Structure formats: structure tokens, C-alpha cells
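Okay, handing you the structure first.
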Amino acid sequence: MEYRRIKDQDKDGDAVPDDLESLRGKPHSGSPKNVVALGGSSASTWKRKSIVTLALTILTSSQAILIVWSKRAGKYEYSVTTANFLVEALKCTLSLAALARIWRSEGVTDDNRLSTTWDEVSVYPIPAALYLIKNLLQYYIFAYVDAPGYQILKNLNIISTGVLYRIILKKRLSEIQWTAFILLCAGCTTAQLNSNSDRVLQTPFTGWLMAIVMALLSGFAGVYTEAIIKKRPSRNINVQNFWLYVFGMAFNAIAILVQDFDAVINKGFFHGYSLITVLMIVNHALSGIAVSMVMKYADNIVKVYSTSVAMLLTAIVSVFLFGFHLSLAFFLGSTVVSVSVYLHSIGKLQR
């Protein structure tokens, strides 16, 4: 498995320890200057984490709304695969632009140069492929859920991330954190209760199945990507993003050929695009970059916290845009989800 290669390489030379938390919890063998170079001062690190987390929360809260808004007569008139390709292309372009600015101000160094070894690059196709499948499911799941319901189901990422943290990265979670996961399940279920229907849940089985698959894919891709990014802390995040997005573009190009080739040839690459579609693509691109920065300077748990807060913002905005009704069940479920996120953060501090 590629992840074992990552861990094995950590044993060589100047590689970081296997445990990604060791830089925080154990004394570093290097000089204080090296420690600052890797993590920066605590104040600047906290500020950086806060900014990227806030940006991710705002971008995530508007993501589902823009996807729903981009539909016409209940369907997508544009090609979903071309939209995903443009998202990856825009992220790659933004990463290159950031690197060009760094090269002009700081020059080209070993940590910010694009040229690298195949061993470093070869680990990026796996998360790129997983994100491709997850992003495609993200569009089709809206045939079964509304924007606020989608944000509720996305909180299943917390569970998958916590479990995969324990299995893959061998990170121990406290009892309070596991309790928070159980509360999260209860909150997600409660928020989906529909008192005006004979069905217990508003979301049909297919929608739940898609949500679970999305959560597993997102959780595994997130944990794997965090391991890759943090393996070499001094490596510029824009270089790491560039290689991830290059493979993302390649996989999405294959998806276009397999799924929408005839439609693109006959109708054109940008058929059905509107201003909302463009805004959605920009939002997805900025969200992807924000996610990678959160993984670089924080972790996946922080990422899913921002998703939970985004759920509440999405529900509030949907009231005005789509006439969404904030039922008592949704309010109670959202409250339970919020409490679970709070307990999870306490549990992390008490570890």
C-alpha cells in the first residue's frame, strides 16, 4: 500500500517522525530555530489556523447552495465532469500563481521547486482519484436531498475521519471524542426526521448510501492527503497542491472522455454554463485550496468542524433563498450536532 511507503520513507535522513503529532507532543531533537521554521510561533500558527478555518467554513456553507442554484428545472444543464475538470485546473493555476510570486520574492529553493522525485509524486494519484469519485457523487446526491440536508449528511465525515485516524494514522481518540461521534449520528438522524410524511427519514436509502460512500471516500482521502502533506513539513504547500491537482485534472479528463464525450463534442465544453456555474467552480476551487491549507497547518478534525458550522449557515441562508422550513427536528438535530462538535474539541484538548 502507498501509505506504507510514506511511513517507511519517514525513517530515512531528515524525514519527520511517523506520528504526525510528535512535533507537538515531544521535544524536537533539532535546534529551536528549526522548530520555529517548521511550525512558526504559536501566535502566528494560531492566526493562520483561524484564518484558513474561517475561510473554509464560509466557502463550505455556500458550496451546497451554489450547487442547488446551478440546477435548472431540477437538473444540471452543464456537464458535471467538465465543471470538476475546471475546478482542478483553476486550483492548479492558483497554486502556480502563488509559487511564481514566491519565486520572485524568495527565489527557487529545494522546498518550493516543482522538480522532484517519482517517489514523492507517485503518492498523489490515490487521493486525486478518491476526490474525483467523491466530487461526482456530490452532484448526484442532490437528487435526493436539499442543501441543508446535504450539510447534515456531510457531518458523517467526522465519523469516518475519526475511525480512519485510529486505523491508518494510529491516533488515539479520547472517550469524550467517541461519545461525540455517537451524538453526531443521533443529530444527523434527528435532523432528517419528517413529521409530515409516512417515512421516518426525508432522505431515501439511495441518498443515505451515497452520503456514507462520500463520507468514507472523503475521510480516507483526507487522512491520506494529510499524511502526504505533513510528511515533509518544510515543503511548500503550493508545490504539494500543484502535483495533487495535476493528477486531479488527469482523472477528470478521463471522466469527461468516458461519461460526457459525445455531449461535449456535440454541444460544446461550456454548454449550459451560467454565472452561478462559474461562481460554483470558483467556490469549489477556493474550498479545495483552503482544505489543503487546513491539513497542512491543522488537521482533518478541524476541517470537519468547519463543515459542521457551515451546516448551520447553509440552513439559515436556505430559508431566504429556497424557502427552506427550519423544523423543530432540524433545529434539535443541528443542536445535537453542535454539541457533539464541542465535546469533540474538549476531548481533543484533554488527550
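Everything numeric in this text was worked out from a predicted model, so none of it was measured. When reading the values below, keep in mind they use all heavy atoms of this one structure, side chains included, and skip hydrogens, waters and symmetry mates. Positions are given from 1, in the same order as the sequence printed here.
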Pair Cys92-Val246, side chain to side chain contact (heavy atoms under 4.5 Å, CB included): steps then yes or no: CA-CA 7 Å; Cys92 193; Val246 163; 3.9 Å; yes
Partner set under ring pair (Phe, Tyr, Trp, His ring centres under 6.0 Å) for Phe270, not counting sequence neighbours: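 Checked Phe270 against ring pair (Phe, Tyr, Trp, His ring centres under 6.0 Å); matches are Tyr273.
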Reported OG1-to-CD1 distance for the pair Thr82 and Ile256, which is rounded to 0.5 angstrom: 6.0 Å
Gap between atom CD1 of Ile237 and atom NZ of Lys230 - 0.5 Å precision: 10.5 Å
N/O donor-acceptor pair under 3.5 Å between Asn112 side chain and Thr109 backbone: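 The answer is yes, because a donor-acceptor pair under 3.5 Å joins these two groups.
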Close side-chain approach of Met214 to Ile141, heavy-atom, < 4.5 Å: yes
Min side-chain heavy-atom separation Lys91-Leu286 under 4.5 Å: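 When only atoms from C-beta onward are counted, Leu286 and Lys91 do not touch, as no gap falls below 4.5 Å.
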Residue pair Leu90 / Tyr245, side-chain heavy-atom distance below 4.5 Å: no
Close side-chain approach of Ile67 and Tyr76, heavy atoms under 4.5 Å: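 A side-chain contact exists here, since the closest heavy-atom pair is under 4.5 Å.
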Atom pair CD1/CG of Ile289 and Asn238 - distance to nearest 0.5 Å: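 Atom-to-atom, Ile289:CD1 and Asn238:CG are 8.0 Å apart.
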Side chain to side chain, Tyr131 and Ile126, heavy atoms closer than 4.5 Å: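 Side chain of Tyr131 against side chain of Ile126, heavy atoms only: no contact under 4.5 Å found.
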Single-linkage hydrophobic cluster Val108~Ile102, side-chain heavy atoms < 4.5 angstrom: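 No; tracing contacts between hydrophobic side chains, which count when under 4.5 Å, never links both residues.
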Spatial distance of atom CG (Asn283) from atom CD1 (Ile58) [nearest 0.5 Å]: 11.0 Å
Partners meeting ring pair (Phe, Tyr, Trp, His ring centres under 6.0 Å) with Phe247 (sequence neighbours left out): none
Derivation and outcome, side chain to side chain contact (heavy atoms under 4.5 Å, CB included), residues Arg232 and Asp111: CA-CA 9 Å; Arg232 184 176 170 183; Asp111 289 327; 3.0 Å; yes
Derivation of the salt bridge (charged side-chain N to carboxylate O under 4.0 Å, His left out) call for Glu120 and Lys231: CA-CA 10 Å; Glu120 180 181 0; Lys231 176 184 176 292; over 6 Å; no
Common cluster, Met249/Phe261, ILVMFWY with side-chain heavy-atom separation under 4.5 Å: no
Same apolar cluster (I L V M F W Y, side chains within < 4.5 Å links), Val121/Ile229: yes
Side chain proximity check, Glu77 to Ser274, heavy atoms < 4.5 angstrom: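 No, their side chains stay 4.5 Å or more apart.
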ILVMFWY cluster, Ile265 and Val80 together (side-chain gap under 4.5 Å):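 In one cluster with Ile265: Val80, no.
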Evaluation steps, side chain to side chain contact (heavy atoms under 4.5 Å, CB included), between Met280 and Thr277: CA-CA 5 Å; Met280 180 196 67; Thr277 310; 4.2 Å; yes
Separation of Tyr78 OH from Ser70 OG (nearest 0.5 Å): 3.0 Å
Min side-chain heavy-atom separation Val123-Tyr224 under 4.5 Å: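 SC-SC contact between Val123 and Tyr224 confirmed.
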Evaluation steps, side chain to side chain contact (heavy atoms under 4.5 Å, CB included), between Val278 and Leu86: CA-CA 9 Å; Val278 174; Leu86 291 176; over 6 Å; no
Contact summary for Ala128 and Gly248, nearest pair of heavy atoms: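 Heavy atoms of Ala128 and Gly248 come nearest at CB-N, 3.8 Å.
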Salt bridge (charged side-chain N to carboxylate O under 4.0 Å, His left out) partners for Asp110, two or more places apart: Arg113
Side-chain heavy atoms of Thr225 within contact of Tyr124, under 4.5 Å: no
Thr81 side, atom OG1; Phe85 side, atom CZ - distance, nearest 0.5 Å: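 If we round to the nearest 0.5 Å, Thr81:OG1 and Phe85:CZ are 10.5 Å apart.
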Hydrophobic cluster identity match, Leu94 and Trp103, side-chain contacts under 4.5 Å: yes
Test salt bridge (charged side-chain N to carboxylate O under 4.0 Å, His left out) applied to Lys267 and Asp262, step by step: CA-CA 8 Å; Lys267 298 180 181 180; Asp262 290 338; over 6 Å; no
